[in-house]
2 protein chains.
Amino acid sequence: MPVKDWLPAAVRAAAIDRKLKAGEALFRLGDRSAGFCEVIAGRVRMARVDRAGHEVILYVAGPGETLAEASLFSPAYHCDAIASTDATVRIYPKAAMLAAFDKDPKAAQAFGATLARQVMNLRTRIEQRNIRSARERVRHYLSVNAGADGRSVDLQGTLKDLAAELGLTHEALYRTLAALERAGEIKRSRGKITLLRPRKGG
Amino acid sequence: MPVKDWLPAAVRAAAIDRKLKAGEALFRLGDRSAGFCEVIAGRVRMARVDRAGHEVILYVAGPGETLAEASLFSPAYHCDAIASTDATVRIYPKAAMLAAFDKDPKAAQAFGATLARQVMNLRTRIEQRNIRSARERVRHYLSVNAGADGRSVDLQGTLKDLAAELGLTHEALYRTLAALERAGEIKRSRGKITLLRPRKGG
DNA sequence: CGGCGTTTTGAGAGAGCTCAACATCGGTGG
DNA sequence: CCACCGATGTTGAGCTCTCTCAAAACGCCG
């Protein structure tokens with residue numbers, strides 16, 4: 001549900017827009033949380049860095065999507081938010097949000113629903129990350145991210161970005177896509193993948 | 001935060017207790033959501049089954065912990081809930097919860113905080129699942145689940161259960177624990193692991 | 001045209017999975 | 001008390017698959 005539909009006017013009025021260059025951090029793990037954000041333009045990724053120094057991507061938010069919902073109830077951010085492209089984000093201050101929830105149960109509930117969606121989203125990602133086989137992981141991604149027709153997936157950004165989001169090396173992803181195409185399972189075109197043998201479930 | 005501290009009396013009064021045998025399902029993916037649950041006794045795991053038929057464990061709830069929070073805003077459950085041991089759960093009906101949120105912003109906010117914790121929890125699990133090395137994954141688990149002293153981890157259930165929760169085969173877990181013990185990094189005793197060289201971060 | 005990042009393909013090595021055998025522990029029943 | 005039985009715990013060997021390191025096209029932009 002778009003933010004516009006449930007966020008009280010008082011909160012929207014308190015929002016602050018911020019522009020980010022590609023690679024620039026909106027916030028880092030441990031920063032004091034200022035509020036939650038809506039991506040207006042571009043793409044912003046939520047990530048953590050593991051002990052080996054690898055970036056673990058938790059979520060990539062595009063225009064209209066929100067991030068850092070959970071930070072409203074926490075004094076600090078629990079992961080990094082970094083612009084993957086040049087981006088514009090709108091920050092809704094924490095204090096205004098919490099105040100609004102007290103006065104407007106509808107807003108509080110809508111926010112709860114947003115958080116609930118986050119939870120489901122994260123669960124799907126855990127399922128994906130649990131798959132060790134590159135081929136199955138890609139299949140899982142494609143079936144989860146297939147468009148309304150269930151057959152085509154639009155790719156945002158580069159394949160290298162996608163590899164990072166999938167938690168694979170870019171070599172593994174290239175090879176896997178090539179193999180799937182050779183097997184007649186998918187068809188690749190500019191910024192798009194078409195499933196030729198759509199699978200159920202996933 | 002314990003459920004007792006924020007759940008309105010009206011909702012608590014509407015709760016229903018249910019006993020489960022080990023292995024019995026509280027609900028399955030796709031079932032119409034009835035409400036959210038608190039584990040009174042025993043352990044209940046949230047899981048999905050992947051295409052290869054393997055169970056992917058999303059969360060294991062023990063006494064006092066809650067599950068299926070997100071289902072309040074969804075018509076159906078998004079994963080399975082299965083008792084790992086004989087267990088008792090308390091079900092708080094969806095309708096009573098939503099009604100309470102309308103009247104009691106405090107409760108709605110506390111619920112939001114609970115969901116936010118879920119989100120953080122899931123993020124940590126994604127980070128864990130992103131680690132391919134069994135040794136590092138076990139280290140990550142130990143550091144995240146270390147007790148207040150930061151040096152000991154109490155194990156619930158069997159090592160086999162733990163292996164499933166970590167997303168490793170039980171053989172890999174046995175070998176890894178044995179190797180860590182040989183390396184003098186941990187000490188194992190009945191249902192407990194002690195870290196001999198506590199690590200920062202993780 | 002030159003430079004840089006993405007896309008591809010190759011070869012080798014490490015690590016976990018699978019299959020398999022065996023030890024250990026707890027409970028059951030004779 | 002002991003034999004039996006199932007599940008957990010443990011170790012071994014081989015295989016597959018991804019990661020890593022390397023190198024070469026390809027595409028885009030100044």
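Numbers restart at 1 for each chain; the letters A, B, ... are given by sequence-line order, proteins then strands. Quantities reported herein were computed from a predicted structural model and do not represent experimental measurements.
- Comment: E24(A) engages R18(A) in a salt bridge, judged by a side-chain N to carboxylate O separation of less than 4.0 angstrom.
- Residues in residues 167-178 of chain A take part in no side-chain hydrogen bond (donor to acceptor under 3.5 Å, both in side chains) pair, two or more places apart or across chains.
- E165(A) and R129(A) make their closest contact through O-NH1, 3.1 Å (heavy atoms, listed as atom of the first residue, atom of the second, distance).
- End-to-end axis angle for the helix from dC1(C)-dG30(D) to dG30(C)-dC1(D), using five pairs per end and rounding to 10°, comes out at 30°.
- Annotation: ring-ring contact (aromatic ring centres under 6.0 Å, His included) contacts of Y141(A) (sequence neighbours excluded): none.
- In this view, A61(B) and V39(B), Y59(B), E65(B), L67(B) satisfy the side-chain contact (heavy atoms from CB on, under 4.5 Å) rule, not counting sequence neighbours.
- Protein chain B contacts DNA chain D from dT8(D) to dC19(D), reading 5' to 3' and using non-hydrogen atoms of the protein with a distance under 4.0 Å.
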Base versus backbone protein contacts along nucleotides 6-20 of chain C [heavy-atom cut-off under 4.0 Å; B, S, -]: SBBBBB----SSBBB

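- For the side chain to side chain contact (heavy atoms under 4.5 Å, CB included) criterion with R90(B), the lone passing option out of I16(B), D17(B), T66(B), V3(B) is D17(B).
- Between S71(A) and G35(A), the shortest heavy-atom contact is OG-O, 3.4 Å.
- For the pair K192(B) and S152(B), the tightest heavy-atom approach, listed with the atom from each and the gap, is CE-CB, 3.8 Å.
- Minimum heavy-atom separation, V89(A) to L20(A): CG1-CD1, 4.2 Å.
- Within the model, atoms CZ of R51(B) and CD1 of I131(A) stand 7.0 Å from one another, a figure rounded to the nearest 0.5 Å.
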